[in-house]
Amino acid sequence: MKWDAWGDPALAKELSADIKGLLAAALGVTGDAAPGPSADEVVLHPSRLSAEDLDALAGAVGKEHVSAADADRLPRAGGKSTPDLLRRRSREAQDAPDAVVLPGSEQEVAAVLAVCAERRIAVVPFGGGTSVVGGLDPERGGLAAVVSLDLRRFDGLLDLDETSGEAVLGAGLTGPAAEELLAERGWELGHYPQSFRYATIGGFAATRSSGQDSAGYGRFDEMVRGLRVVTPAGVLDLGRAPASAAGPDLRQLFLGSEGTLGVITAVRLRVHPLPAVKAYEAWSFPDFATGTAALRAVEQQGTGPTVIRLSDEAETMINLAMTEQIGGAPAVSGCLAVTVFEGGAAQVAARQQLTRDALLAAGGTSLGEGPARAWEHGRFSAPYLRDSLLAAGALCETLETAASWSRLPALRAAVTEALTGALPGSLVLCHVSHVYPTGASLYFTVVAALGEDPLTRWGTAKRAAGDAILRTGGTISHHHAVGADHRPWMTEEIGDLGVRILRAVKAELDPAGILNPGKLIP
Ligand SMILES: Cc1cc2nc3c(=O)[nH]c(=O)nc-3n(C[C@H](O)[C@H](O)[C@H](O)COP(=O)(O)OP(=O)(O)OC[C@H]3O[C@@H](n4cnc5c(N)ncnc54)[C@H](O)[C@@H]3O)c2cc1C
């Protein structure tokens, strides 16, 4: 992963002539932004760890698994939000973890936590490094120093129970590595967030991630059957049976805990046999309201698509401009919806027919397979476009929320108004990304001229959007999690008593307060 951009440098995306034309016409962006520093030119604040601290950490994990070198600290200095990327490109001295520690067993994680509690060192668990909410900020929280605890050595398929359809996966496995290990045995997890190629099993659990196939296979937290978590107070092994009435479900405390309560080392997950058949169908709707009502009908009737999503008019137009780059989908007007179906042949045919009936009845027009296949082909490429936009002088950032169906129109209007109010002249795109019987998630993309001081301008826009979300009945995050960026809204989200409960749990599990300070819990 590039330290100052998304993904693999070889997959960097050129802006098409259409997109360049749109940028110039809509935002007045025609030039290139000033290039950022090279990795060698970046200045990090020096490590605050003493030689004794480093020796103690080496005692826990072995000398070769501790590094205070800038080349290791820089890639763990934060996540991959646009503000993260802008901060990485700064020529001012930057914050970074004081060292990187790579444990290889639960005993080593426990030993690192003990060293850090004794020496007052904060610990930021690090999975794939794809957080977009400041979840990896190297915050010391009043302690002496901070280390990044990289989980990449937890990379095994530890068990596959083919009778029950359950797999135990190491927390440090990336999405592709997990799917490869399962596919060798004929199984699939089916969790495909846009960050799939880099994000990890532990990170998915710690952030309650949601993938693009969540209509069919569920959110990541719905796939979790069990968790192993190392905390400063001891190890927890949660989830004994497919369902249980033995009190509150403690797994829920760690799903979404974002490294503040413990370190997830392994996750037991529901898996399914690789699908025999896959079918695609794209749809057009005259407007977003009609399309949204159609998706609601599908979800409430339970017709069973694996993927279903709907873009608004502006996003449909941009997708079209991008789709041409990846090869030839038909022109689409109005709002584009994509459906994909997976499973056995008869099951797929039946589900597709039921979904087709519901979408036709709700005013949709079938566009055939093409645009749906094109969407799937390009579904992990969009983040590369953000880098090209930044390089061309345009700020591009996303945010997401969810609410019940009845509240979605007001929520969408309020967020759009908040964003365009704070960033006049910006382009705001929206899609329905995840659906539930009672509501859906809205995902916004904002493109604006980078201009002077983009970090402050985006901060103002983000505050306005967050306030609008809470005011209109949405959640501050449907799947990106809370981190540092959404923490200011947590009291409003869960109430003062809710915050006190989280603080009490943290005090019990992490009495020295070493685990990921400044995130999630106000
Ligand atoms: C381009 C892009 C697209 C994205 N698309 C999606 C999407 O479609 N759906 C979605 O849900 N999210 C998406 N995200 C957000 C992000 O990828 C998810 O939050 C992901 O789950 C984070 O996983 P990770 O392994 O990278 O975790 P990291 O970013 O490394 O960490 C995230 C948080 O979890 C904690 N953590 C990580 N591993 C552990 C562990 N083993 N134990 C305890 N705490 C841990 C960290 O301390 C941090 O607070 C996207 C991000 C980017 C940059």
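Only this structure's heavy atoms are used, side chains among them; waters, hydrogens and symmetry mates stay out. Start at 1 and go down the list; that is how both ligands and their atoms are numbered.
Taking a 4.0 Å cut-off on heavy atoms, Ala382 fails to register as neighbouring ligand 1. Using a 4.0 angstrom heavy-atom cutoff, Gly129 counts as in contact with ligand 1. Residue Ser210 places a heavy atom less than 4.0 Å from ligand 1.
Only the side chain of Trp6 comes within 4.0 Å of ligand 1, judged by heavy-atom distances. Within the 4.0 Å heavy-atom criterion, both parts of Thr200, backbone and side chain, lie near ligand 1. With a 4.0 Å heavy-atom cut-off, ligand 1 is reached by no atom of Val133. At a heavy-atom cutoff of 4.0 Å, ligand 1 is contacted by no atom of Val229, backbone or side chain.
Checking only distances, Phe126 never comes within under 3.5 Å of ligand 1, N or O to N or O. Residue Ser131 places at least one N or O, backbone or side chain, under 3.5 Å from an N or O of ligand 1. At under 3.5 Å, not a single nitrogen or oxygen of Ala171, backbone or side chain, sits near a nitrogen or oxygen of ligand 1. For a threshold of 3.5 Å applied to N or O pairs, the pair formed by Thr207 and ligand 1 contains at least one separation below that value. The distance criterion of under 3.5 Å between nitrogen or oxygen atoms is not met by Ala206 with respect to ligand 1.
Within the listing of ligand 1, atoms 21 (O) sit less than 4.0 angstrom from a heavy atom of Phe204. Within ligand 1, the atoms closer than 4.0 Å to a non-hydrogen atom of Ser209 are 10 (C), 11 (O), 21 (O), numbered from 1 in the order shown. Interface atoms of ligand 1 facing Pro193, defined by a heavy-atom separation under 4.0 Å, are 6 (C), 7 (C), 8 (O), 9 (N), 10 (C). Atoms of ligand 1 found under 4.0 Å from any heavy atom of Gly203 (numbered from 1 in listed order, with element): 21 (O), 23 (O), 24 (P), 25 (O), 27 (O), 37 (C), 38 (N). Within the listing of ligand 1, atoms 43 (C) sit less than 4.0 angstrom from a heavy atom of Gly262. For ligand 1, the atoms closer than 4.0 angstrom to any heavy atom of Glu258 are 35 (C), 47 (O), 49 (O). Atoms of ligand 1 lying under 4.0 Å from any heavy atom of Leu151, numbered from 1 in the order shown and given with element: 41 (N). Taking every non-hydrogen atom of Ile264 and a distance limit under 4.0 Å, the qualifying atoms of ligand 1 come out as 40 (C), 41 (N), 42 (N), 43 (C).
The residues Asp53 and Arg48 are annotated as not salt-bridged, no charged nitrogen and carboxylate oxygen being separated by less than 4.0 angstrom. Between Lys506 and Asp510, at least one side-chain N (NZ, or NE/NH1/NH2) sits under 4.0 Å from a carboxylate O, which counts as a salt bridge. Taking the charged nitrogens against the carboxylate oxygens, Glu397 and Lys462 have no contact shorter than 4.0 Å, which rules out a salt bridge.
In terms of protein heavy-atom proximity, atom 10 (C) of ligand 1 is nearest to His479 CD2, 3.3 Å. The protein non-hydrogen atom at the shortest distance from atom 1 (C) of ligand 1 is Pro383 CG, 3.4 Å. When hydrogens are left out, the protein atom nearest atom 22 (C) of ligand 1 is Thr130 OG1, 3.3 Å; that is the closest non-hydrogen contact. Atom 31 (O) of ligand 1 has as its closest protein heavy atom Leu136 CD2, 3.8 Å. Protein heavy atom nearest atom 48 (C) of ligand 1, with residue, atom name and distance: Gly135 O, 3.5 Å.
Note: Phe380 and Phe196 have parallel aromatic rings, judged against thresholds of 30 and 60 degrees for the angle between ring planes. Using bins of under 30°, 30° to 60° and over 60° for the plane-to-plane angle, the ring pair His191/Phe204 lands in the perpendicular bin. Using cut-offs of 30° and 60° for the angle between ring planes, the Trp6 and Tyr384 rings count as perpendicular.
With rounding to the nearest 0.5 angstrom, the NE2 atom of His45 is 4.5 Å from the CG atom of Asp95. In this structure, OG on Ser90 lies 12.5 Å from CG on Asp4, to the nearest 0.5 angstrom.
Considering Gly127, Ser433, Gly128, Pro125 only, the shortest heavy-atom separation from atom 47 (O) of ligand 1 involves Pro125. For atom 8 (O) of ligand 1, the nearest non-hydrogen atom from the set His480, Arg208, Gln194 belongs to Gln194. Comparing Ser81, Gly259, Ser195 against atom 4 (C) of ligand 1, the shortest heavy-atom distance belongs to Ser195.
In Glu508, the CD atom is not crowded: 12 or fewer heavy atoms of neighbouring residues, nucleotides or ligands sit closer than 6.0 Å. Shown here is Arg270, whose CZ atom has more than 12 heavy atoms of other residues, nucleotides or ligands within 6.0 Å.
Cation-pi contact between Arg379 and Tyr192: present, with separation from the ring centre below 6.0 Å and deviation from the ring axis of at most 45°.
Using modelled atom types and a 3.5 Å distance limit, the side chains of Arg219 and Ser209 yield no donor-acceptor pair.
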Practice item. List the steps, then state whether side-chain hydrogen bond (donor to acceptor under 3.5 Å, both in side chains) holds for Glu222 with Tyr217. Key: CA-CA 8 Å; Glu222 292 169 340; Tyr217 299 122; over 6 Å; no
Point to revise | Stepwise ring pair (Phe, Tyr, Trp, His ring centres under 6.0 Å) check, Tyr436 with Trp405 | key: CA-CA 9 Å; Tyr436 305 92; Trp405 291 110; 8.8 Å; no
Practice item. Give the intermediate values and the outcome of side chain to side chain contact (heavy atoms under 4.5 Å, CB included) for residues Thr401 and Ile476. Key: CA-CA 6 Å; Thr401 178; Ile476 196 61; over 6 Å; no
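In plain terms, the two heavy atoms of Val428 and Asp312 that are nearest each other are O-OD2, 4.2 Å.
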